[in-house]
Chemist: 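Got a structure for you, written out below as structure tokens; questions coming shortly.
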Amino acid sequence: MELKFMADQNVGKLAKLLRIMGFDTLFFDGEDDANIVAIARAESRIILTRDTQIMKRRLVTSGQLKAVLIESDKPEQQMQQLINTLDLDRQAKPFTLCLECNELLLEKSKEEVKERVPPYVFKTQSQFMECPKCKRIYWRGTHWQAMTEKLKKFARKGG
Ligand SMILES: [Zn+2]
């Protein structure tokens with residue numbers, strides 16, 4: 001089954017890393033625990049939290065709902081924890097989700113994005129994706145490459 005997540009505000013950077021890897025990840029922020037648990041259950045999302053209260057809820061302790069208590073406050077170590085516990089890297093689909101909206105990106109032809117990306121990018125890149133919601137254009141630029149390298153390193157460390 002496809003892994004989907006629900007991350008609390010304390011692990012926001014981790015949530016973005018997950019989106020980079022192509023994992024559908026929602027944020028929750030200040031809502032009450034019961035509501036969070038209900039959404040996660042309805043949508044089969046794994047809760048990622050630093051809040052021990054959520055871990056004590058009946059649905060979680062009984063195993064009906066999966067939740068991971070994130071140990072570190074550093075995003076890279078948080079990611080390492082998930083890779084080690086959930087075998088994440090094997091299921092990653094990088095470059096498929098908008099980092100801001102969590103929307104599935106749509107492939108665009110070079111011609112379609114011509115007026116919307118810097119000339120250098122247009123000249124050097126061949127694959128473009130667009131977020132249907134915020135209309136941001138994505139391409140495999142240096143930032144994306146750096147992230148991919150980083151994720152590969154995690155995967156190797158996790159063994
Ligand atoms: Zn977007």
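These numbers come from the heavy atoms of this one structure, side chains and all, not from hydrogens, waters or symmetry mates.
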Chemist: Please list all pairs passing the ring-ring contact (aromatic ring centres under 6.0 Å, His included) test where one or both residues lie in residues 42-99, with sequence neighbours left out.
Modeler: Phe95-Trp144
Chemist: If you look only at pairs with a residue in residues 37-66, which of them pass as a ring-ring contact (aromatic ring centres under 6.0 Å, His included), with sequence neighbours excluded?
Modeler: none
Chemist: Do Arg136 and Glu103 make a side-chain contact, defined as non-hydrogen atoms from C-beta onward lying under 4.5 Å apart?
Modeler: no
Chemist: For Lys4, does the NZ atom have more than 12 heavy-atom neighbours from other residues, nucleotides or ligands under 6.0 Å away?
Modeler: yes
Chemist: Under 3.5 Å, is there a donor-acceptor pair between the side chain of Lys110 and the main chain of Gln125?
Modeler: yes
Chemist: With sequence neighbours excluded, what pairs up with Leu99 under the side chain to side chain contact (heavy atoms under 4.5 Å, CB included) test?
Modeler: Arg19, Ile20, Tyr138
Chemist: Answer yes or no: is there an ion pair linking Lys74 with Glu76, defined by an N-O contact shorter than 4.0 Å?
Modeler: no
Chemist: Just to verify, what does Ser44 make a side-chain hydrogen bond (donor to acceptor under 3.5 Å, both in side chains) with, not counting sequence neighbours?
Modeler: none
Chemist: Could you list the residues that satisfy side-chain hydrogen bond (donor to acceptor under 3.5 Å, both in side chains) with Lys56, not counting sequence neighbours?
Modeler: Gln53
Chemist: State the NZ-CD1 distance between Lys108 and Ile137, to the nearest 0.5 angstrom.
Modeler: 7.5 Å
Chemist: Tell me whether Leu59 shares a hydrophobic cluster with Ile36, the cluster being built from Ile, Leu, Val, Met, Phe, Trp, Tyr side chains joined at under 4.5 Å.
Modeler: yes
Chemist: Kindly write out the residues that satisfy side chain to side chain contact (heavy atoms under 4.5 Å, CB included) with Lys16, not counting sequence neighbours, or none if the list is empty.
Modeler: Glu100
Chemist: Heavy atoms, side chains only, cut-off 4.5 Å: are Leu82 and Ile70 in contact?
Modeler: yes
Chemist: In Å and rounded to the nearest 0.5 Å, what is the OG to CD distance from Ser72 to Gln77?
Modeler: 4.0 Å
Chemist: Does Gln81 reach the main-chain N or O of Leu69 with its side chain, forming a donor-acceptor pair under 3.5 Å?
Modeler: yes
Chemist: Enter the distance from Leu65:CG to Met6:CE here, rounded to the nearest 0.5 Å.
Modeler: 9.5 Å
Chemist: Check whether any side-chain heavy atom of Met55 sits under 4.5 Å from a side-chain heavy atom of Ile47, and report yes or no.
Modeler: no
Chemist: List the atom of Ala15, the atom of Thr25, and the distance in Å for their closest heavy-atom pair.
Modeler: CB-CG2, 3.8 Å
Chemist: Out of curiosity, does Leu48 fall in the hydrophobic cluster containing Leu26 (side-chain heavy atoms, cut-off under 4.5 Å, transitive links)?
Modeler: no
Chemist: Of all residues at least two apart in sequence or in a different chain, which pass the side-chain hydrogen bond (donor to acceptor under 3.5 Å, both in side chains) check with Ser62?
Modeler: Gln64
Chemist: Considering only heavy atoms from C-beta outward, does the side chain of Asp24 approach that of Asn102 to under 4.5 Å?
Modeler: yes
Chemist: Tell me which pairs pass ring-ring contact (aromatic ring centres under 6.0 Å, His included) where either residue lies in residues 4-36, with sequence neighbours left out.
Modeler: Phe5-Phe23
Chemist: Inspect the surroundings of NZ in Lys114 and state if more than 12 heavy atoms from other residues, nucleotides or ligands are less than 6.0 Å away.
Modeler: no
Chemist: Closest heavy-atom contact between Ala67 and Val60?
Modeler: CB-CG1, 3.9 Å
Chemist: Within a strict 4.5 Å, meaning less than it, do heavy atoms of the Leu88 and Leu18 side chains meet?
Modeler: yes
Chemist: May I ask you to test the Arg50-Asp73 pair for a side-chain heavy-atom distance under 4.5 Å?
Modeler: yes
Chemist: Can you list the residues that meet the side chain to side chain contact (heavy atoms under 4.5 Å, CB included) rule with Glu2, with sequence neighbours excluded?
Modeler: Lys93
Chemist: Grouping I, L, V, M, F, W and Y whenever their side-chain heavy atoms are under 4.5 Å apart, do Met129 and Val113 come out in a common cluster?
Modeler: no
Chemist: List the atom pairs, donor and acceptor, that lie under 3.5 Å between side-chain atoms in residues 116-123 and the rest of the protein, sequence neighbours left out.
Modeler:
| unit_1 | atom_1 | unit_2 | atom_2 | d |
| --- | --- | --- | --- | --- |
| Arg116 | NH1 | Glu130 | OE2 | 2.9 |
| Arg116 | NH2 | Glu130 | OE2 | 2.8 |
| Arg116 | NH2 | Lys135 | O | 2.9 |

Chemist: Do Trp139 and Met21 belong together in a cluster built from hydrophobic side chains that touch within less than 4.5 Å?
Modeler: no
Chemist: Do the side chains of Leu17 and Ile83 join up, straight or via other hydrophobic residues, at under 4.5 Å, putting them in one cluster?
Modeler: yes
Chemist: Mind listing the closest non-hydrogen atom pair of Leu106 and Pro132 along with its distance?
Modeler: CD1-CB, 4.1 Å
Chemist: Excluding sequence neighbours, so at least two apart, what forms salt bridge (charged side-chain N to carboxylate O under 4.0 Å, His left out) with Asp51?
Modeler: none
Chemist: May I have all residue pairs that pass ring-ring contact (aromatic ring centres under 6.0 Å, His included) and include part of residues 33-92, sequence neighbours excluded?
Modeler: none
